[in-house]
Amino acid sequence: PATPQAPTPAPAPAAAASVRGEGENGAVIQHRWEVFGAQPGARGPVAFVRDRHWDGLPLAVKTLRQRDDIPLTTQRKAIWHRTQEWRDLGEHPHLVSGYYTLEVGGRLRFFVHHVPARPLPVWLAGLAGPAPLPRRLDLAIQLAAALELLQARLGAHGALRPSSCLVADDDTLRLSP
């Protein structure tokens, strides 16, 4: 299917009420995103939403951490730049596609394709014993394919860790931003 085009970012209301209850299933944020799940992420909380403007397309929303020791404007520029680089990667079978970055409730949020998968450590823990060698090699090859593109286009992933590797039920590995 064709990749949806990112919406034109609209200024988000500054009021915290715009995101009240954002992690609760069924909550609707700014009359646009309906929450259907949430979990902690390596770089901050991740909410799973359906975008009502995109016919209910499931998205993972990464709330990007802000550091106290770096000026906010510097952080925002770096985050916008990095998420734009990820979006420019386009579709790849072993990368989670990024769609858009918006400020919602005073925080930058990166909206990426929701992949119904488990982080690699969770996937490994669910196995009855070690994965067979061919299966492990296949996952390693898929990860290498994703890293090859990232190295060529971005220079590096920036935060590669096992929890950034998502494994779907069909054993397809996708690297998340």
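Along the sequence shown, the residues carry numbers beginning at 1. Just so you know, these numbers use all the heavy atoms, side chains as well, and skip hydrogens, waters and symmetry mates.
Considering all non-hydrogen atoms of both residues, Ala146 and Leu95 come closest at CB-CD2, 3.7 Å. The shortest non-hydrogen separation linking Val104 to Gln30 is CG1-NE2, 3.8 Å.
Through chains of ILVMFWY side-chain contacts below 4.5 Å, Val46 is grouped with Phe36, Phe48. Counting Ile, Leu, Val, Met, Phe, Trp and Tyr side chains that sit under 4.5 Å apart, directly or through other members, Val122 stands alone, with no cluster partners.
Within the 4.5 Å cutoff, no side-chain heavy atoms of Ile79 are placed close to those of Phe110. You'll find the side chain of His114 stays beyond 4.5 Å of the side chain of Val49, heavy atoms only.
To the nearest 0.5 Å, atom CZ of residue Arg109 and atom OG1 of residue Thr83 are 14.0 Å apart. With rounding to the nearest 0.5 angstrom, the CG atom of Leu150 is 8.0 Å from the NE2 atom of His92.
Applying the side chain to side chain donor-acceptor pair (under 3.5 Å) test to pairs two or more places apart or on separate chains, those with a residue in residues 70-79 are Arg76-Glu103.
Ring planes of Phe111 and Tyr100: parallel class, angle under 30° (limits at 30 and 60°).
When the salt bridge (Lys or Arg N to Asp or Glu O under 4.0 Å) test is applied to Arg107, no partner is found at least two apart in sequence or on another chain. By the side-chain hydrogen bond (donor to acceptor under 3.5 Å, both in side chains) test, Arg153 pairs with no residue at all, sequence neighbours left out. Remark: Arg50 engages no residue in a side-chain hydrogen bond (donor to acceptor under 3.5 Å, both in side chains) (not counting sequence neighbours). With sequence neighbours excluded, no residue forms a side chain to side chain contact (heavy atoms under 4.5 Å, CB included) with Asp55. For His31, the side-chain hydrogen bond (donor to acceptor under 3.5 Å, both in side chains) test picks out no residue, with sequence neighbours left out. Take Arg118 and apply the salt bridge (Lys or Arg N to Asp or Glu O under 4.0 Å) test, not counting sequence neighbours, and it matches Asp169. Under the side chain to side chain contact (heavy atoms under 4.5 Å, CB included) criterion, Glu148 pairs with no residue at all, not counting sequence neighbours.
Arg87 and Ser97 form no side-chain donor-acceptor contact under 3.5 Å, judged by distance and modelled atom types alone.
For Trp86 (side chain) and Val112 (main-chain N/O), no donor-acceptor pair under 3.5 Å exists by modelled atom type.
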Can you give the donor-acceptor pairs under 3.5 Å from side chains of residues 131-145 to other protein atoms, not counting sequence neighbours?
unit_1: Arg135; atom_1: NE; unit_2: Asp171; atom_2: OD2; d: 2.9
unit_1: Arg135; atom_1: NH2; unit_2: Asp171; atom_2: OD1; d: 3.3
unit_1: Arg135; atom_1: NH2; unit_2: Asp171; atom_2: OD2; d: 3.4
unit_1: Arg136; atom_1: NE; unit_2: Ala131; atom_2: O; d: 2.9
unit_1: Asp138; atom_1: OD2; unit_2: Gln142; atom_2: NE2; d: 2.8
unit_1: Gln142; atom_1: OE1; unit_2: His94; atom_2: ND1; d: 3.3
unit_1: Gln142; atom_1: OE1; unit_2: Leu173; atom_2: N; d: 2.6
unit_1: Gln142; atom_1: NE2; unit_2: Asp171; atom_2: O; d: 3.1

Using residues 158-167 as the side-chain source, report each donor-acceptor pair under 3.5 Å to any protein atom, sequence neighbours left out, with the distance given to one decimal.
unit_1: Ser164; atom_1: OG; unit_2: Ala159; atom_2: O; d: 3.4

> Given the rule in the side-chain contact (heavy atoms from CB on, under 4.5 Å) test, do Arg32 and Asp51 qualify, once you have shown the distances and angles that lead to the verdict?
Replying inline: CA-CA 6 Å; Arg32 178 172 181 173; Asp51 188 328; 2.9 Å; yes

